[in-house]
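Have a look at the structure below before the remarks.
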2 protein chains.
Amino acid sequence: MELKQVEKIAKALSDINRLKILQHMQRHQGKMECNETCSLLNLAQPSISHHIKKLVESELINQHKEGRYYNYSLNDKVWEAYLNTLKKL
Amino acid sequence: MELKQVEKIAKALSDINRLKILQHMQRHQGKMECNETCSLLNLAQPSISHHIKKLVESELINQHKEGRYYNYSLNDKVWEAYLNTLKKL
DNA sequence: TTTATATATTTAAAAGTTTCAATGTATTGT
DNA sequence: ACAATACATTGAAACTTTTAAATATATAAA
């Protein structure tokens, strides 16, 4: 993976709220409701939306629309590539 | 590793210049001269100093004074813990 | 001991990030 | 169709980061 992409992913991971979002996501098999997440993190809805966007843009996670809701999944390939690039830096 | 520390390390890794510094460091067995690094990255000396400080503060690297120069080494434990925490997030 | 070299610190400007109120859009239930 | 719900976008304030000029400190070399 290029350093530019590593930078982008590290940026996505460099905020405690986004880390908590990822953790929450993982523990709920990608099912995550905005309102619930808002109260979990004590943030307003646009903030959650902004954070999720950063995670999606980093390509760490995929977003699938399911009616009114979204489901999320880790992009394992990108995730692995990030960890491997760092390991071999 | 606590999420707060993951955040700090990710922040340290979230700048292309710091990634290049780490890479350069690794490829030179931790021997790194400031001036050389300045011209490599096209940055002024205080900027390099600032970036290295962030890496040291994140505990990703150790700094050993050797006369007028510094030598650096990866803090393997912290590095591993970071990668493992993310892997198991 | 003076001078040169390597790196750190302070300060301040410019750029980027985080947050949320207000508002917009898409989907579902009545 | 209308109201309710889930989420996105815009715009602006507060805060943080990046950068470098100026200056300081530590070590080595002459």
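Naming convention: chains lettered A, B, ... in sequence-line order (proteins, then strands); numbering from 1 in each chain.
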Among dT18(D), dT5(D), dT17(C), the nucleotide that comes nearest once only the side chain of Arg68(A) is considered: dT5(D)

Salt-bridge present (Lys4(B), Glu7(B); N to O < 4.0 Å): yes

Side-chain (Arg18(A)) to main-chain (Ala12(A)) donor-acceptor, under 3.5 angstrom: yes

Side-chain (Ser49(B)) to main-chain (Gln45(B)) donor-acceptor, under 3.5 angstrom: no

Result of checking Leu60(A), Leu22(A), Leu13(A), Ile9(A) against Leu86(B) for side-chain contact (heavy atoms from CB on, under 4.5 Å): Leu13(A)

Nearest-angstrom distance from the residue atom CD of Glu7(A) to C1' of dT17(D): 12 Å

Among dA20(D), dT17(D), dA8(C), the nucleotide that comes nearest once only the side chain of Ser49(B) is considered: dA8(C)

Touch class at under 4.0 angstrom, heavy-atom based, for Leu43(B) against every strand present: sugar-phosphate

Tyr72(A) OH to dC7(D) P, straight-line distance once rounded to whole Å: 6 Å

Integer-rounded Å distance: dT16(D) P and Lys8(B) NZ: 14 Å

Closest to side chain of Arg18(B), choosing from dT17(D), dT18(C), dT18(D): dT18(D)

Closest to side chain of Gln63(A), choosing from dT19(D), dT7(C), dA8(D): dA8(D)

Separation of atom CG in Asp15(B) from atom C1' in dT17(C), rounded to whole Å: 14 Å

Out of dA26(C), dT18(C), dT9(C), whichever nucleotide has its closest atom nearest the side chain of Lys53(B): dT9(C)

From dT9(C), dA8(D), dA6(C), nucleotide with atom closest to Tyr69(B) side chain: dA6(C)

Side chain of His50(B) - closest among dT19(C), dA6(C), dT18(D): dT18(D)

dT19(D) OP1/OP2 closer than 4.0 Å to side-chain N/O of Asn17(B): yes

Protein-nucleotide distance (Ile48(B), atom CD1; dT7(C), atom C1'), rounded to Å: 12 Å

Basic-acidic side-chain contact under 4.0 Å: Glu80(B), Lys77(B): no

Rounded distance in Å - CG (Leu41(A)) to P (dC20(C)): 11 Å

Lys11(A) side chain near dT17(D) phosphate (N/O to OP1/OP2, under 4.0 Å): no

Gly67(A) or Ser14(A), whichever maps to the more 5' nucleotide of DNA chain C: Ser14(A)

5' precedence on DNA chain C between Lys65(A) and Ala44(A) (nearest-nucleotide basis): Ala44(A)

Phosphate OP1/OP2 of dT5(C): any Asn35(B) side-chain N/O under 4.0 Å: no

Shortest side-chain distance from Ser47(B), nucleotide among dC7(D), dC20(C), dA20(D): dA20(D)

From CA spacing to verdict: side chain to side chain contact (heavy atoms under 4.5 Å, CB included), Tyr70(A), Ile52(A): CA-CA 11 Å; Tyr70(A) 282 102; Ile52(A) 289 177; over 6 Å; no

Pair of N/O donor and acceptor under 3.5 Å linking dA6(C) base with Gln45(B) side chain: no

Between dT17(C) (C1') and Ile16(A) (CD1): distance, integer Å: 16 Å

d(CD, Glu36(B); C1', dT7(C)) in whole Å: 14 Å

